[in-house]
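As the structure is a computational prediction, the values presented were derived from the model and not from experiment.
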Amino acid sequence: MSETQTVTPGAAGTAGKNTGASILLDNVTKQYPGQAKPAVGGLTLEIPPGSIVMFVGPSGCGKTTTLKMINRLIEPTEGSIVLNGEDVTTMDGDKLRRRIGYVIQAGGLFPHMTVAANIGIVPKMLGWSKAEIAARVDELLELVSLDPALYRDRYPRELSGGQQQRVGVARALAADPPVLLMDEPFGAVDPITRQRLQDELLNIQSELNKTIVCVTHDFDEAVKLGDWIAVFDEGAQLVQYDSPERILANPANEFVENFIGSGAGLKQLTLTRVNEVELETALTAAPGDLASDVMSRLQGAGAQQAVVLDSRRRPIQWLTRRQLSRLERVSSTVDSKLPVIGDRATLNDALDTMLVSSAGAALVTGPRDVFLGLITVETVMQAITDAHEAALEGASAAPVGINSGLIERAHQYDDGGEGSVPEPATSAGGRE
Ligand SMILES: Nc1ncnc2c1ncn2[C@@H]1O[C@H](COP(=O)(O)OP(=O)(O)OP(=O)(O)O)[C@@H](O)[C@H]1O
Ligand SMILES: [Mg+2]
């Protein structure tokens, strides 16, 4: 197998019939007993079906409380939760939670159960047969890029942090729920693993189209993953709810500006994904090919390097003419230092990968790590030039989000023009 064309992966065969449900938090309040003020005050928030909504805000502002009210792990004191038009505020909580996947930091796996048993929990509760569960487990492990044969019988302690996180995502997806809730899912892993997990989530989402609500401390992560970002202040006061593009280009006030941090311009780079730019084709080769054949094809194409793909079309080597000249045949060795980037990654990540490898280009892969083509520094530069305007033009109207009782105050900000941070109504302070 050797050709000069790029490939597009076929539709993945994952059972994803349940695409995202709409979620409405309707004037929801959570007052913890003995607390001076509500953790969540009169929040109305529309979460469009099939979208990823990111919650950001300072520690203790009510993000987790808001998230857990959606699957009623925390019961709202007032207001209602509406899923796909159905009021689920009083339905059986356990039943509700089977329809909503939930991922927490470090995966939250049961340590005494194998990977397969962890993933199969909900299907088992739903009465699936053993064969159905086993098939689903393998399918999901493939989806999160873990080889089922290697990982299904391991215990969580035998996995790295990032692998546990993947299993956590697989478990949340097991019964194909229309909604996925994630609470700082990638908080505990190193930056590179985090980037991979983010890309994987976006890949999975492009296949499954769930409604995903995800809490993060990291504004860059919110920009990268979110279709919409909800910026909260204390008491889950919604300060801004809009597309990443518009929040970056037009933060509602100083509080949001501070949250975005420096380099708003550079963050725009994170708004364009690799799959939005045109990739360059590469000459490819397969293990076993005669080096002299590959060399003459390189010469014919005027190219300097050939990408070696394995039988599943995953890149394993990137050979220069010089390297080829020393070989008789292309080997099946896997080069662990290849500059590979997922097509869902941002241009920022792509640049990073190129800079680290000093290759001036990176190998782009799609779902299941299939090779798609090359991205170069020039492509990124060109894309930056166009990104800002294009992003703003493409943004559609934001979903509804407001706190009751705060509507008047919100207008005061508009008029005040001071860009001041909203102060909570009560005198009890203590933002962390
Ligand atoms: N069970 C509880 N009883 C009383 N107060 C609580 C309880 N759980 C949370 N709180 C309080 O409610 C507020 C919101 O908490 P929450 O966990 O939702 O914040 P968060 O935005 O997720 O914070 P972090 O970013 O630190 O995770 C905090 O002031 C917290 O102390
Ligand atoms: Mg929290």
Side-chain angles (χ1 to χ4, degrees), residues 9 52 54-56 103-107 143-146 159-170 172 180 182-207 212 214-227 229 244 248 260-261 263 266-277 279 314-315 318 334-377 379-380 383-384 387:
I52 301 184
M54 303 298 292
F55 287 180
V56 300
V103 186
I104 59 173
Q105 207 170 56
L143 186 71
V144 298
S145 303
L146 291 175
L159 303 176
S160 73
Q163 290 167 342
Q164 288 181 31
Q165 200 61 63
R166 281 163 206 217
V167 175
V169 171
L180 208 57
M182 312 180 91
D183 199 347
E184 306 202 34
F186 312 135
V189 295
D190 64 90
I192 292 174
T193 307
R194 181 189 308 193
Q195 184 204 308
R196 288 213 189 108
L197 290 170
Q198 290 167 345
D199 295 345
E200 222 155 66
L201 181 71
L202 290 169
N203 267 331
I204 291 171
Q205 173 69 349
S206 74
E207 287 183 26
I212 300 177
C214 180
V215 174
T216 181
H217 265 115
D218 176 357
F219 196 81
D220 293 341
E221 180 165 274
V223 167
K224 177 173 172 181
L225 297 181
D227 295 306
I229 300 177
L248 281 176
I260 293 171
L266 257 186
K267 288 196 201 333
Q268 295 278 356
L269 242 189
T270 63
L271 284 168
T272 309
R273 297 191 177 137
V274 171
N275 64 6
E276 292 167 47
V277 303
L279 301 181
R314 297 174 299 195
W318 199 12
V334 178
D335 176 356
S336 60
K337 294 207 177 79
L338 279 184
V340 172
I341 189 85
D343 74 329
R344 289 253 140 193
T346 66
L347 293 189
N348 207 1
D349 297 334
L351 254 189
D352 248 21
T353 304
M354 293 177 207
L355 291 176
V356 169
S357 79
S358 68
L363 308 172
V364 179
T365 55
R368 289 135 212 269
D369 300 330
V370 166
F371 180 66
L372 301 178
L374 298 175
I375 185 166
T376 65
V377 171
T379 317
V380 175
I384 297 170

Let me confirm one number: the [atom1]-[atom2] distance from [X] to [Y], rounded to the nearest 0.5 Å.
X: Glu276; Y: Thr346; atom1: CD; atom2: OG1; value: 10.5 Å
X: Glu221; Y: Cys214; atom1: CD; atom2: SG; value: 5.5 Å
X: Leu146; Y: Leu159; atom1: CG; atom2: CG; value: 7.5 Å
X: Ile204; Y: Ser145; atom1: CD1; atom2: OG; value: 7.5 Å
X: Asp218; Y: Glu184; atom1: CG; atom2: CD; value: 9.5 Å
X: Asn348; Y: Asp220; atom1: CG; atom2: CG; value: 7.5 Å

- Derivation and outcome, side chain to side chain contact (heavy atoms under 4.5 Å, CB included), residues Met182 and Leu201: CA-CA 11 Å; Met182 312 180 91; Leu201 181 71; 3.9 Å; yes

- Message: side chain to side chain contact (heavy atoms under 4.5 Å, CB included) for Leu225 and Thr216? Distances and angles first, verdict last.
- Response: CA-CA 10 Å; Leu225 297 181; Thr216 181; over 6 Å; no

Using a 4.5 Å cut-off on heavy atoms from C-beta on, say whether the side chain of [Y] contacts that of [X].
X: Asn275; Y: Val364; value: no
X: Arg368; Y: Leu143; value: yes
X: Leu363; Y: Leu374; value: yes
X: Thr365; Y: Pro315; value: yes
X: Leu202; Y: Ile52; value: yes

- Message: Quick one, Val103 with Gln165, criterion side chain to side chain contact (heavy atoms under 4.5 Å, CB included). Give me CA distance, side-chain angles, the key distance, then yes/no.
- Response: CA-CA 8 Å; Val103 186; Gln165 200 61 63; 3.6 Å; yes

- Please test Ser206 against Asn203 for side-chain hydrogen bond (donor to acceptor under 3.5 Å, both in side chains), starting from the C-alpha separation and ending with a verdict. CA-CA 5 Å; Ser206 74; Asn203 267 331; 4.6 Å; no

- Query: For the residue pair Val380 and Ile375, what are the closest heavy atoms and their distance?
  - Reply: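 It is CG2-CD1, 4.1 Å.
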
- Message: Can you give me the closest heavy-atom contact between Asp369 and Arg314, atom names plus distance?
- Response: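 Looking at all heavy atoms of both residues, the shortest contact is O-CG, 3.3 Å.
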
- Residue Arg194 excluded, over 12 heavy atoms near CZ under 6.0 Å: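 Counting other residues, nucleotides and ligands, CZ of Arg194 exceeds 12 neighbours.
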
Name each donor-acceptor pair under 3.5 Å that joins a side chain in residues 337-344 to protein atoms two or more places apart or in another chain, with its distance.
none

- Task: Dump the intermediate steps for side chain to side chain contact (heavy atoms under 4.5 Å, CB included) on Val144 and Val167, then the final yes or no.
- Result: CA-CA 8 Å; Val144 298; Val167 175; 5.9 Å; no

